[in-house]
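Here is the structure we will look at, set down as C-alpha cells.
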Amino acid sequence: MSTSSCVLSARLMFVLVLIGAANAQLSPNFYSTTCPNLLTIIRTAVNTAVANDRRMGASLLRLHFHDCFVQGCDGSVLLDDVTGFTGEKTAAPNANSLRGFDVIDTIKTQVEAACPGIVSCADILTVAARDGTVALSGPSWALSLGRRDSTTASLTGANGQIPRPGSSLNNLITSFSNKGFTTREMVALSGSHTIGLARCITFRNRIYNAANIEPAFATTRRANCPRTGGDANLAPLDILSPSTFNNDYYTNLVNLRGLLNSDQVLFNNGTTDAQVRAYSTNSASFFNDFAAAMVKMSNLTPLTGTNGQIRRNCRLRN
C-alpha cells in the first residue's frame with residue numbers, strides 16, 4: 001500500500017471512531033418525551049418554505065452539508081459575526097451563497113414556543129435538510145438526535161475544508177476521505193446537485209474554457225453568464241429537472257452537461273465513471289446510497305451530553 005493510501009486509511013479510521021463515539025449518545029427517540037411534536041413542527045415549516053420557494057429544499061440540504069464539514073454537525077454555520085466573534089458565513093464557499101437561515105429561524109421560534117430550551121439548532125438543521133429533500137421527491141433517512149450547539153466557529157475550516165466548484169477529482173476524493181467518506185459515498189452525495197442553482201461566477205470558466213462539455217449546453221449557459229459581469233446570475237445545477245430530486249444529475253454528467261467542474265470530473269475518463277453511469281440508470285441504487293451517506297454525514301462529530309449548549313437564538317451564542 002502506498003504512503004498516501006496509508007494516510008487516507010488512517011484518517012478514515014480516526015473519523016469512524018469519532019462517529020461511533022458520537023452515535024452512542026444520539027438517539028432516534030431523544031425528544032420523544034421532551035418535545036414530542038418536534039418532527040411535525042419541522043416538517044410542516046419546511047414543506048411551507050419549499051412550497052413558497054422550490055429552491056429552498058436544496059438550500060437547506062447545502063446548509064447542513066456546509067455545517068457538518070466544518071467542526072461536525074454543530075450548528076456553527078448558523079452563527080452571525082458579532083463584536084469579538086467571527087463565524088463562518090463570510091467564508092468563500094458561504095458568502096453570498098448560503099441560504100435558508102430565515103427558515104431555520106422560523107422553525108426555531110416555533111420549536112421554542114412548544115419546547116423552550118430543549119432542541120438544538122444543530123438538530124433542527126439536520127432534520128430540515130432531510131425534510132427539504134423529501135419535499136422535492138427525494139429519499140428519506142432515519143436520524144438520531146441529541147446534537148448540541150457549538151459556541152465556536154471556524155472561518156479557516158470553512159475556507160479550507162469545504163470542496164470548491166473548481167475541485168479536481170483527487171481534491172474531492174481527499175476532501176471527503178478526510179471526513180470518513182468513501183469515494184462511492186462522495187459520488188452519491190454529489191448527487192445532491194440534482195436540485196438547486198449555482199451562480200455564474202462558479203461555472204463561468206467551465207462553460208467558456210472546458211473541453212469536456214457538450215457544445216449546445218455551453219451555449220445555453222453562456223446566454224445568462226457573460227464572460228464579464230453577471231457573477232450572481234443563476235443557472236440550475238440539473239438542466240433536466242432542477243426542482244425534483246432524482247438521478248438526472250448523473251444522466252447530465254454522462255452527456256457532458258455537468259454545470260460545475262467539480263460535477264463533470266466525476267465522469268471524465270476517471271475512476272468514478274462507472275459509478276456515475278450506474279446511478280444514471282438505477283435511481284433506486286442512488287437513493288439508497290445517498291440516504292445512507294446522509295446518515296453518515298449527520299453523525300459527523302456532533303457535540304453531545306454536556307458539551308456545547310442549546311442556543312436560544314440560532315444566530316447567536318447564549
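Keep in mind it's a predicted model, so treat the numbers as computed, not measured. For this chain, numbers begin at 1 and follow the sequence in order.
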Does Y31 reach the side chain of C115, with side-chain heavy atoms less than 4.5 Å apart? no
Could you tell me if the side chain of P28 sits less than 4.5 Å from the side chain of S144, heavy atoms only? yes
Could you tell me the separation between the NZ atom of K108 and the CG atom of L125, rounded to the nearest 0.5 Å? 12.0 Å
Should the pair F176 and F65 be assigned to parallel (<30°), tilted (30 to 60°) or perpendicular (>60°) ring geometry? parallel
Tested for side-chain hydrogen bond (donor to acceptor under 3.5 Å, both in side chains) against T194, the lone hit among N247, T244, T133, N246 is N246
Aromatic contact between Y279 and F287, with the criterion being ring centroids under 6.0 Å apart: yes or no? no
Quick one: do I195 and I239 end up in the same hydrophobic cluster if we chain Ile, Leu, Val, Met, Phe, Trp and Tyr together by side-chain heavy atoms under 4.5 Å apart? no
Please confirm whether the backbone N or O of C225 pairs with a side-chain atom of N233, one donor and one acceptor, at under 3.5 Å? no
Any heavy-atom pair between the side chains of T48 and T106 that's under 4.5 Å? no
Donor on one side chain, acceptor on other, N171 and S168, under 3.5 Å: yes
Taking atom types as modelled and ignoring hydrogens, do the side chains of D238 and N252 form a donor-acceptor contact shorter than 3.5 angstrom? yes
Pairwise side-chain contact, Q275 with T183, heavy-atom cut-off 4.5 Å (strictly under): no
So with a 6.0 Å cut-off around CZ of R315, is the heavy-atom count from everything else above 12? yes
No-hydrogen, no-angle side-chain donor-acceptor test under 3.5 Å, R204 and N209: no
Can you tell me if CZ on R222 sees more than 12 non-hydrogen neighbours from other groups inside 6.0 Å? yes
Salt bridge D81-K89, side-chain N to carboxylate O under 4.0 Å: no
Centroid separation Y249 to F267 less than 6.0 Å: no
Between the side chains of D74 and S76, is a donor N or O closer than 3.5 angstrom to an acceptor N or O? yes
